[in-house]
Amino acid sequence: MTRELAITQPFDLELSLTMGQAFRWRRLGDGWLSGVLGENLFHIRQRHINGNVEYRVGGADGERDATDADDQLLRRYFREDDDVTAIYDDISHDPVVAGLVRQFPGMRVLRQEPWECVAAYICSANNNIDQISRIVEKIADTFGETVELAGEARRTFPLAERLLSDSAVVEKAHQLKLGLQRAPNIFAAAGRVCEGEMDLDTLARRPYTDAKAELVKCSGVGNKIADCIALFSLDKLDAFPVDLHIGRALAKQYDCPMPGRNRKSLNDSDHKRLIGWAQNYFGKYAGYAGQYLFHAQRDEQKRGNDKNLLSGAPKRSKFVGTSVDDPRHRPLSRKYVPETLPEFEDHRVSPCPRCEAPIGRHCKYPSGYTYTAGHKARLR
């Protein structure tokens, strides 16, 4: 029997479940998706009439009647306790993100179970989303318990204690051939959890920097993976996962630190500067802004377009600015300073008086005049 969950805030169920932050949701057809949360198998879809969510739930004994506890589990997973409208308003001070919020309304950051999130993101290193999903499902199929619903059988994700239960489990895990030391790294993380060295519930209550410092102590957990875990399972909405490709794309789009041109990966200093910039620019909900930017990139790749992070997103067409002296650079150069101009549609500016670049084109010699965003100053 289906049960309906009333949704009172903007929410796009399918986008939120399949955009790549969680790895165990499958499409079943007719709008239904299948996913395992804890010891429960859910079939869930969103109604087009009112936006509410309807679902069925099963367990070890097959389908059962849904309860208020199941409602609460889903609401917690969907972060229904967030005021998502206020979050969207907060991050929409950036016109690019504002355009993406309008293009993909209702995207939610999920609140995943911390241990499963740790193990899944250890599997994410050098993998795409489909590969991560296959590896996570393989681990569940090998060590999890069966749950059933409407003729479908899935497996729960094993607890950390289960992975350390006996030597036979350890041996079987190594036979899975997960690659890149993923199995040893997952077992090492499980050991830290079981021995109390890493209390994930406590980390959810500690500040972002403290939680991240503990996460990177795990083998196989670098800066980006730690930020993913912090954002998706530890309530750190200011966490901003970033890799080299994203860092360079952000540096191209925004006035933020540029990673070294010859780098093959970001070092700790790069991460610190980029994340510091993102948290300062986007604010306390930087993680939400980041997910919109990352989804825009993935959407472009799926459409077969180039890998420009925001090539399909609206540009800063409603911003203008002036070029001013920038004392940080020697010899003295000019820097673009944006300012809001709501009446931009009726505003006209002249071409560059020195290089004659038209509105919206690159200007080599800014000289203090007003010009549109995209008419960027090149630091000399």
Side-chain angles (χ1 to χ4, degrees), residues 8-12 15-16 19-22 75-112 114 117-118 121 200-216 221 223-243 246-247 249-251 253-257 266 268 270-297 309-310 313 316 319 338-340:
T8 59
Q9 297 190 66
F11 183 43
D12 186 323
L15 172 61
S16 301
M19 65 172 290
Q21 51 181 316
R75 290 189 185 280
R76 175 175 170 76
Y77 185 72
F78 298 147
R79 299 193 67 94
E80 277 280 292
D81 50 328
D82 288 341
D83 185 346
V84 75
T85 301
I87 292 174
Y88 291 161
D89 288 344
D90 189 271
I91 61 178
S92 290
H93 69 82
D94 174 68
V96 173
V97 172
L100 293 172
V101 170
R102 291 192 296 270
Q103 186 178 355
F104 304 107
M107 189 204 74
R108 305 293 292 258
V109 169
L110 303 173
R111 182 187 282 120
Q112 303 178 44
C117 190
V118 168
Y121 274 92
L200 294 171
D201 291 334
T202 298
L203 292 187
R205 297 189 294 270
R206 292 175 63 182
Y208 160 76
T209 52
D210 292 350
K212 184 173 180 179
E214 287 300 315
L215 290 169
V216 296
V221 177
N223 285 292
K224 180 186 177 182
I225 290 176
D227 279 314
C228 288
I229 297 167
L231 175 61
F232 299 133
S233 70
L234 299 180
D235 291 331
K236 305 297 182 277
L237 293 183
D238 54 340
F240 192 89
V242 61
D243 57 15
I246 297 298
L250 288 174
Q253 180 71 27
Y254 297 96
D255 182 21
C256 69
L266 295 180
D268 290 343
D270 292 326
H271 269 281
K272 186 175 181 179
R273 288 186 292 111
L274 283 165
I275 292 168
W277 172 85
Q279 291 175 333
N280 180 67
Y281 179 72
F282 290 114
K284 60 184 178 180
Y285 302 121
Y288 256 95
Q291 287 310 293
Y292 266 107
L293 297 175
F294 303 154
H295 177 67
Q297 179 201 35
L309 173 65
L310 302 172
R316 302 185 187 186
F319 271 50
E339 56 190 40
T340 305

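Since we're looking at a predicted model, the values are computed, not measured. We number each residue from 1, following the sequence as shown.
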Q: If you look at every heavy atom in A226 and V216, which pair is closest and at what distance?
A: CB-CG1, 3.7 Å
Q: Using a 3.5 Å distance criterion without hydrogens, assess whether the side chain of H93 forms a donor-acceptor pair with backbone atoms of Y281.
A: yes
Q: I'd like to know if D235 pairs up with R111 as an ion pair, taking the criterion as any Lys NZ or Arg NE/NH1/NH2 lying under 4.0 Å from an Asp or Glu carboxylate oxygen.
A: yes
Q: Tell me the closest heavy-atom pair linking Q253 and V96, and the distance in Å.
A: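 The pair with the smallest heavy-atom distance is NE2-CG2, 3.6 Å.
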Q: Does F104 form a side-chain contact (heavy atoms from CB on, under 4.5 Å) with Q291? I'd like the steps, not just the answer.
A: CA-CA 11 Å; F104 304 107; Q291 287 310 293; over 6 Å; no
Q: Output all residues satisfying side-chain hydrogen bond (donor to acceptor under 3.5 Å, both in side chains) with N280, sequence neighbours left out; order by chain, then residue number.
A: none
Q: Residues two or more places apart in sequence or in another chain: which of them pass side chain to side chain contact (heavy atoms under 4.5 Å, CB included) with N223?
A: K212, D268, H271
Q: Could you tell me whether a side-chain N or O of Q21 sits under 3.5 Å from a main-chain N or O of R108, the two making a donor and an acceptor?
A: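 Confirmed, Q21 side chain pairs with R108 backbone.
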Q: Short question: side chain of Y288, backbone of V109 - any donor-acceptor pair under 3.5 Å?
A: yes
Q: Shortest non-hydrogen contact from V101 to S92?
A: CG2-OG, 4.1 Å
Q: Hey, are the side chains of I275 and Y208 touching, using non-hydrogen atoms and a 4.5 Å cut-off?
A: yes
Q: Going by side chain to side chain contact (heavy atoms under 4.5 Å, CB included), name the residues that satisfy it together with A278, two or more places apart in sequence or in a different chain.
A: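 Result, side chain to side chain contact (heavy atoms under 4.5 Å, CB included) vs A278: F240, F282.
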Q: Say whether, by atom type as modelled, one donor and one acceptor occur between the side chain of Q9 and the main chain of E80 under 3.5 angstrom.
A: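 Side chain of Q9 to backbone of E80, a donor-acceptor pair under 3.5 Å: yes, one is there.
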Q: Between L215 and L200, what is the shortest heavy-atom contact and its length?
A: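 Closest approach of L215 to L200: CD2-CD2, 4.4 Å.
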Q: Using side chain to side chain contact (heavy atoms under 4.5 Å, CB included) as the criterion, list what pairs up with P10, not counting sequence neighbours.
A: V84, T85, Y88
Q: Could I get the full list of side-chain hydrogen bond (donor to acceptor under 3.5 Å, both in side chains) partners for D238, not counting sequence neighbours?
A: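 With neighbours one apart ignored, the set is empty.
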Q: Give a yes or no answer on whether the side chain of K236 reaches the backbone of R206 with a donor-acceptor pair at less than 3.5 Å.
A: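 Yes; at least one donor-acceptor contact below 3.5 Å.
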Q: Under the side chain to side chain contact (heavy atoms under 4.5 Å, CB included) rule, collect the residues that match up with D90, sequence neighbours excluded.
A: Y285
